[in-house]
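Chain A is the first sequence line, chain B the second, and so forth, proteins listed ahead of strands; every chain is numbered from 1.
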Amino acid sequence: MSYWLVKSEPSVWSWDQQVAKGAKGEAWTGVRNYTARQNLVAMKKGELAFYYHSNEGKEIVGIAEIIKEAYPDPTDKTEKFVCVDIKAHKAFKTSVTLVAIKAEPKLAEMALVKQSRLSVQPVTPEEWKLVCKMGGL
DNA sequence: GCCAACGTTGGC
DNA sequence: GCCAACGTTGGC
């Protein structure tokens, strides 16, 4: 069981829109980076991912679940990249801001802090537990 | 809106 | 296959 973190600009696709899709979920398309692609491919059905809002908010707002493993991204004309389907799993009671993450020494190694540009990242079990706690879950 | 960090492209 | 130029992301 691996844990992940996916990023979205709320102006493009927000948590609320994801929630509105319900159990059916939505294709997580638009990844055009090979490191992120590798992470997408490694995702297994049923695994969980933090849902992070970049630019606006800069906070983790909830948890999504992978409901379909990697397949070719229909929005990619070059046919090199893949996407997965995810659905909203659980909202945080309180969102965990980037500021709060940076203020927590145990989270200093998070990819979110170290590789801020990577849009699909792995999260360690320790980080997962702590961030869930900070989010009120 | 600026700029640093980083990924990608293309000429050699 | 290196590396300079360029484009993009995302925090501030």
Side-chain angles (χ1 to χ4, degrees):
Chain A
M1 178 85 185
S2 302
Y3 296 104
W4 308 98
L5 180 146
V6 296
K7 287 204 277 194
S8 177
E9 289 191 45
S11 58
V12 179
W13 187 256
S14 71
W15 171 253
D16 288 342
Q17 285 173 285
Q18 187 66 55
V19 169
K21 284 280 170 180
K24 189 158 79 106
E26 177 73 10
W28 194 262
T29 59
V31 170
R32 298 293 181 268
N33 169 291
Y34 286 102
T35 308
R37 182 189 185 281
Q38 276 184 292
N39 290 330
L40 284 178
V41 170
M43 287 177 171
K44 297 271 173 284
K45 194 176 172 183
E47 288 184 340
L48 302 175
F50 287 136
Y51 200 103
Y52 178 78
H53 276 174
S54 64
N55 275 318
E56 262 174 78
K58 280 166 280 180
E59 58 195 9
I60 299 172
V61 289
I63 297 171
E65 181 185 338
I66 314 305
I67 55 173
K68 188 176 176 188
E69 294 176 17
Y71 60 97
D73 183 341
T75 69
D76 175 30
K77 290 198 196 87
T78 67
E79 297 180 344
K80 284 182 199 157
F81 291 97
V82 298
C83 62
V84 297
D85 286 1
I86 65 170
K87 73 175 171 93
H89 174 70
K90 222 172 202 185
F92 274 4
K93 288 200 178 67
T94 46
S95 49
V96 179
T97 64
L98 185 61
V99 173
I101 289 166
K102 284 189 170 170
E104 172 51 69
K106 288 186 192 125
L107 298 177
E109 295 299 313
M110 270 190 88
L112 188 65
V113 178
K114 297 221 132 181
Q115 283 164 269
S116 61
R117 288 187 52 190
L118 185 59
S119 58
V120 183
Q121 325 179 337
V123 174
T124 68
E126 293 76 26
E127 290 163 352
W128 184 267
K129 264 177 98 172
L130 184 53
V131 174
C132 283
K133 205 172 167 189
M134 290 164 74
L137 296 182

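- The nearest whole Å value for the distance from the CD1 atom in A:Ile101 to the P atom in C:dG11 is 10 Å.
- With respect to the salt-bridge test (charged N to carboxylate O, under 4.0 angstrom), the residues A:Glu69 and A:Lys45 do not qualify.
- Residue contacts shown for A:Asn33 are limited to sugar-phosphate atoms, with no base heavy atom under 4.0 Å away.
- Here the C1' atom of nucleotide C:dG10 and the NE2 atom of A:His53 are 15 Å apart, to the nearest Å.
- If you take CZ of A:Arg32 and P of C:dG7, they are 19 Å apart, rounded to a whole angstrom.
- Between A:Lys114 and B:dC6, a side-chain N or O to OP1/OP2 separation shorter than 4.0 Å is absent.
- Rounded to an integer number of Å, the gap from A:Asn55 CG to B:dC3 P is 17 Å.
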Could you walk me through whether A:Ile63 and A:Cys132 pass the side-chain contact (heavy atoms from CB on, under 4.5 Å) check?
CA-CA 9 Å; A:Ile63 297 171; A:Cys132 283; 4.0 Å; yes
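- Ion pair A:Lys80/A:Asp73 not flagged as a salt bridge, since none of the NZ, NE, NH1 or NH2 atoms sits closer than 4.0 Å to an Asp/Glu carboxylate oxygen.
- Protein atom CZ of A:Arg117 is 8 Å distant from nucleotide atom C1' of C:dG10, rounded to whole Å.
- Cation-pi geometry between A:Lys68 and A:Tyr71 is met: the NZ or CZ atom falls under 6.0 Å from the ring centre, inside 45° of the normal.
- Residue A:Lys7 is classed as a sugar-phosphate contact, given heavy-atom separations below 4.0 Å to backbone atoms only.
- Here C:dG11 presents its C1' atom at 14 Å from CD of A:Glu59, a figure rounded to the nearest Å.
- Among the protein residues, A:Leu118 comes within range of no part of the nucleic acid, since none of its heavy atoms lies under 4.0 Å from any strand.
- In this structure, A:Tyr52 reaches the C:dG11 phosphate: one of its side-chain N or O atoms is under 4.0 Å from OP1 or OP2.
- When the P atom of B:dT8 is taken as reference, atom CG of A:Asp76 falls 13 Å away, rounded to whole Å.
- Whole-Å rounding puts the A:Glu56 CD to C:dT9 C1' distance at 15 Å.
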